[in-house]
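Take a look at the structure below.
For the numbers below, each heavy atom of this structure counts, side chains included, while hydrogens, waters and symmetry mates do not. Naming: A, B, ... by sequence-line order, numbering from 1 per chain. Here the structure is a predicted model, which means the values were calculated and not measured.
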Amino acid sequence: MTDVRYGFIVVEKCYHCNDERSYFAAEHVPPKEEYREGEHFWDYMGSSQSVQFNLKCGECGAVVELGELLGLMTCAGCTDECDLNVLSRICESQRIWVYAALTYNPDEQMKAHMAEKLAVLSQYFNDRIRTEGKKILVVPGWLVHDVDMCHGSVLRDVGMFEVEPEPQTT
Amino acid sequence: MRLAELKDKLSLKSLNDVYDKDVEGAFVSDMVSDVMAGAKPASVWVTTQTHKNVVAAANLVDIAAVIVTRGRPVSDETLEMASRAELTILTTDLDTYSLVGKLHAAGV
Ligand SMILES: [Zn+2]
């Protein structure tokens with residue numbers, strides 16, 4: 001892991017078209033000013049502390065840039081329409097843990113390189129595992145059917161003080 | 001040191017099964033992004049966080065066990081996830097500062 005940068009995931013919304021987007025701000029405080037960009041008027045919605053990093057090969061020094069990585073998430077078992085859910089269930093019996101990579105507004109070019117980058121990221125985590133027989137698999141975020149439905153974990157520091165009530169069993 | 005030995009030495013209470021593993025260090029943080037970027041595998045992670053995200057982060061970097069300080073309660077959902085990932089959740093009534101002192105004295 002190299003070029004570790006601490007900062008904020010900033011969520012903003014355009015009050016013209018209601019578009020929402022997020023970006024990473026490597027600053028001491030998240031920028032809160034609203035600003036205009038072409039047709040859009042971006043308004044600050046909120047932020048959470050986060051970290052960005054790249055991966056560097058220990059042998060040849062090649063760097064894989066992961067600046068578009070927003071966070072990793074798991075699925076707690078939502079619907080059969082969610083490919084992350086289906087894949088997670090199949091893999092769990094093999095002791096393979098599946099994490100989906102959420103990215104900042106990926107464009108087509110980013111998507112094209114994503115598979116290679118995520119293979120490197122999976123390899124990075126797997127190289128460090130000490131527990132025998134355990135594996136990590138990082139898959140693209142578009143396998144997720146609906147991020148809000150997964151009820152899994154998103155690895156970022158937001159909502160960490162909120163614990164949902166247990167479902168009532170009668 | 002093995003996890004079971006550390007648990008006994010420091011009188012930690014386990015909230016699920018003890019998945020005995022080698023412990024090679026400790027990491028202290030209440031942020032999952034820190035753990036992702038900085039924790040070494042086979043460490044015990046000392047935190048006051050009990051959110052299920054703790055399990056997902058610990059599992060990703062192959063943490064040996066999570067130690068929750070100040071005796072904070074841990075939800076069944078978090079414990080169930082931890083057991084599936086073969087991750088031991090330990091608690092202590094000590095605060096983080098006191099526990100870390102004891103970990104250090106124990107040679108971790
Ligand atoms: Zn899902």
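There is no contact between A:Gln52 and chain B, counting heavy-atom distances below 4.5 Å. With a threshold of 4.5 angstrom between heavy atoms, A:Tyr124 does not approach chain B through any atom at all. No part of B:Ala64 comes within reach of chain A, as not one of its non-hydrogen atoms sits under 4.5 angstrom from that chain. Proximity to chain B (any heavy atom under 4.5 Å) is shown, for A:Ile129, by both the backbone and the side chain. Proximity to chain B (any heavy atom under 4.5 Å) is restricted, for A:Thr74, to the side chain, taken from C-beta onward.
Considering only heavy-atom pairs separated by less than 4.5 Å from chain B, the leading option among A:Val138, A:Thr131, A:Asn126 is A:Thr131.
For B:Lys9, the side chain to side chain contact (heavy atoms under 4.5 Å, CB included) partners at least two apart in sequence or on another chain are B:Met1, B:Glu5, B:Ala106. Here A:Gln123 pairs with A:Asp127 under the side-chain hydrogen bond (donor to acceptor under 3.5 Å, both in side chains) rule; sequence neighbours left out.
Between the side chains of A:Trp97 and A:Glu92, no donor-acceptor pair of N or O atoms lies under 3.5 Å.
Other residues, nucleotides and ligands contribute at most 12 non-hydrogen atoms within 6.0 Å of the CD atom of A:Glu65.
When every heavy atom of A:Phe53 is checked against every heavy atom of A:Arg5, the shortest pair comes out as N-NH2, 4.2 Å.
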